[in-house]
There are 2 protein chains.
Amino acid sequence: MNFPVVPLGKPRGERADAARNREQLLAAARAMIAEHGTRKVTMDALAERAGLGKGTVFRRFRTRAGIFRALLDEEERRFQERVLSGPPPLGPGADPAQRLIAYGRARIAFLLEHHAIARAALDRAQPIPVGEVAMTRPHIRMLLGLSGSRLPHPDTLAVQLTAALEGPLLLYLSMDEDAASPAMEAAHPLAESWQTLIERVLQVDLPPEEA
Amino acid sequence: MNFPVVPLGKPRGERADAARNREQLLAAARAMIAEHGTRKVTMDALAERAGLGKGTVFRRFRTRAGIFRALLDEEERRFQERVLSGPPPLGPGADPAQRLIAYGRARIAFLLEHHAIARAALDRAQPIPVGEVAMTRPHIRMLLGLSGSRLPHPDTLAVQLTAALEGPLLLYLSMDEDAASPAMEAAHPLAESWQTLIERVLQVDLPPEEA
DNA sequence: ATGTTAACCGGGGTAAAGTCCGTTTCTCTG
DNA sequence: CAGAGAAACGGACTTTACCCCGGTTAACAT
């Protein structure tokens, strides 16, 4: 009697065909976005392009926003790695204030780069499942805690700082579709302003040390 | 050769029937929201309830979100009046820091009260037309200017503070549909936290003077 | 190998947003 | 008051997100 593969632990592994199809769908979505922007990524078109049925697309991603969330998740994982184990000041090692500032800069760049996808990943039906696609709030929360600054409601403040960082790019800034050079112009003041915000909230005063 | 109608001046006043119908539509929408929540306000149902055709609904409001924007605009106007000409510290008269804090408190209460409509007014197709439905950003911008605090990028900072104030309620907090008592619980720390934010950004320190 | 089962596949079906265009209604002028 | 022109109306039409269900297939145990 030989032991079966993976006796338990996971309820069940993803089936091989399913995995293959998911890759095909994500690849097709990426291609369609590159060609025509997010607007043209319809469920029918995506299914046809990937050579699959419509039902399959919905089983994999639940909703249209889900596709973009999945796409974003990949990038997000890379980003998260840089934050969790990359070099300081983004990664561990620097002091909390500097890490917050560095995080803000990096996050703004990230959101700018994936702006179209990030917006399409929003689903007005449900609020953003904080901490799933977004690591921002818990990370900010942690750094606030490490900072040693006495803050009355750090959890709530973390929510508000998260909104201050991501909201402008998700909600308020226009920048529709093109946004190549105007993006860079918008990024700079946002990052500067974020630094000011952090310095004042943590009551530190770092000299402007740019790269 | 006689001159055509309305040489110039106004493009044209709104036609009487149009005005009447708009009122009917808004009233119907309000009733439907009160009865079944925003989810059940569909364009077809709204048209039927108001005794009008669907085309009419779309001409008036362009999009589904437009209905809720219109609804919100009315409340917003009332709110705006309190801010622009009401008693201090919300209205003019108090010092900028206190007004910012008061504005935040009032705004949080406002968004809490109209949470469902505000969320339904979001349109992921277009970003928020800043300054149209929302007076928040310009108001914050003005008060930052009046505060005398030297801030590097006040315009951008105003955007971020706006997001910090409105984002949590629009984007991140769940609170779906019911939110009567949990709402009040959520409101308090948000307001406290907003006060901290402002105090630190403006580098003032107001003693906790509660009502 | 092979039976069992749970997950997957596909495509046709529904509901709701948004568009079009022929028809009706208003309003202004003479 | 009559008539012209502009604006508003209405509802059928199109598009698209999302559901459903019968048939199929991969994974596992024996």
Side-chain angles (χ1 to χ4, degrees), chain A residues 1-25 28-29 32 36-70 120-126, chain B residues 1-25 28-29 32 36-70 120-126:
Chain A
M1 182 204 277
N2 45 13
F3 286 100
V5 199
V6 180
L8 261 189
K10 301 170 186 177
R12 186 64 81 93
E14 181 182 43
R15 253 164 63 166
D17 52 348
R20 178 169 36 78
N21 286 343
R22 192 185 54 236
E23 278 318 308
Q24 277 180 30
L25 283 168
M32 292 171 76
H36 308 109
T38 57
R39 194 68 57 92
K40 285 292 190 59
V41 179
T42 98
M43 302 306 258
D44 287 334
L46 179 59
E48 180 171 5
R49 173 125 183 188
L52 297 168
K54 219 184 331 180
T56 307
V57 182
F58 277 95
R59 186 162 337 87
R60 295 243 79 81
F61 301 113
R62 303 273 310 162
T63 141
R64 188 185 125 95
I67 293 167
F68 297 102
R69 257 204 313 276
L122 285 185
D123 188 350
R124 77 159 147 297
Q126 250 68 24
Chain B
M1 183 204 279
N2 46 12
F3 285 100
V5 198
V6 178
L8 262 188
K10 303 170 187 175
R12 183 67 80 94
E14 183 181 44
R15 252 166 62 166
D17 53 346
R20 179 171 35 78
N21 286 343
R22 189 185 56 233
E23 279 318 310
Q24 277 180 30
L25 284 168
M32 294 171 74
H36 307 111
T38 56
R39 195 67 57 92
K40 282 290 188 62
V41 180
T42 101
M43 303 307 256
D44 286 324
L46 180 58
E48 181 172 4
R49 173 128 184 184
L52 297 169
K54 193 152 63 139
T56 307
V57 183
F58 278 95
R59 185 164 336 88
R60 296 244 76 82
F61 301 113
R62 303 271 310 161
T63 146
R64 188 185 123 97
I67 292 167
F68 297 101
R69 246 190 337 259
L122 285 184
D123 187 352
R124 76 161 148 295
Q126 249 69 23

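Within every chain, numbering begins at 1; the chains are lettered A, B, ... in the order of the sequence lines, protein sequences first and strands thereafter. What's counted below: heavy atoms across the whole structure, side chains too, no hydrogens, waters or symmetry copies.
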* A:Lys54 vs B:Val41, nearer the 5' end of DNA chain C by closest nucleotide ->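 Mapping each residue to its closest nucleotide by heavy atoms, the 5'-most match is A:Lys54.
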
* Asked: Side chains of A:Met32 and A:Arg49: closer than 4.5 Å at any heavy-atom pair?
  ->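 A:Met32 vs A:Arg49: side chains touch.
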
Write down the distance between [atom1] ([X]) and [atom2] ([N]), rounded to a whole number of angstrom.
{"X": "A:Leu46", "N": "C:dG10", "atom1": "CG", "atom2": "P", "answer": "12 Å"}
{"X": "B:Arg15", "N": "C:dT24", "atom1": "CZ", "atom2": "P", "answer": "14 Å"}
{"X": "A:Arg39", "N": "C:dA17", "atom1": "CZ", "atom2": "P", "answer": "17 Å"}
{"X": "A:Phe61", "N": "D:dC18", "atom1": "CZ", "atom2": "C1'", "answer": "15 Å"}
{"X": "A:Met43", "N": "D:dT16", "atom1": "CE", "atom2": "P", "answer": "13 Å"}
{"X": "A:Met32", "N": "D:dT16", "atom1": "CE", "atom2": "P", "answer": "11 Å"}
{"X": "A:Phe68", "N": "D:dA17", "atom1": "CZ", "atom2": "C1'", "answer": "12 Å"}
{"X": "B:Phe58", "N": "D:dC13", "atom1": "CZ", "atom2": "P", "answer": "17 Å"}

If you compare every side-chain N and O of [X] against the phosphate oxygens of [N] (OP1, OP2), does one of them come in below 4.0 Å?
{"X": "A:Thr63", "N": "D:dA17", "answer": "no"}
{"X": "B:Thr56", "N": "D:dG10", "answer": "yes"}
{"X": "B:Arg59", "N": "D:dC9", "answer": "yes"}

* Give the C-alpha distance, both sets of side-chain angles, the deciding distance and a yes or no for side chain to side chain contact (heavy atoms under 4.5 Å, CB included) between A:Ile67 and A:Met43. => CA-CA 9 Å; A:Ile67 293 167; A:Met43 302 306 258; 3.5 Å; yes

* **Short side-chain to backbone donor-acceptor contact, A:Arg59 and A:Lys54, under 3.5 Å** =>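 Checking the backbone N and O of A:Lys54 against the side chain of A:Arg59, no donor-acceptor pair under 3.5 Å is found.
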
Under 4.0 Å between any heavy atoms, over every strand shown, what does [X] touch: base, sugar-phosphate, or nothing? Just pick one.
{"X": "A:Arg64", "answer": "sugar-phosphate"}
{"X": "A:Ala16", "answer": "sugar-phosphate"}
{"X": "B:Ala45", "answer": "nothing"}
{"X": "A:Arg60", "answer": "sugar-phosphate"}

* **Nearest atoms (heavy-atom pairs only) where B:Leu46 meets B:Leu25** =>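 So the two residues come closest at CD1-O, 3.6 Å.
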
* Closest-nucleotide 5' rank along DNA chain D - winner of A:Gly55 and B:Leu52 ->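 Upstream on the strand: B:Leu52.
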
* Ion pair B:Arg22/B:Glu14, N-O distance below 4.0 Å ->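 Looking at B:Glu14 together with B:Arg22, the answer is yes, because their closest N to O distance falls below 4.0 Å.
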
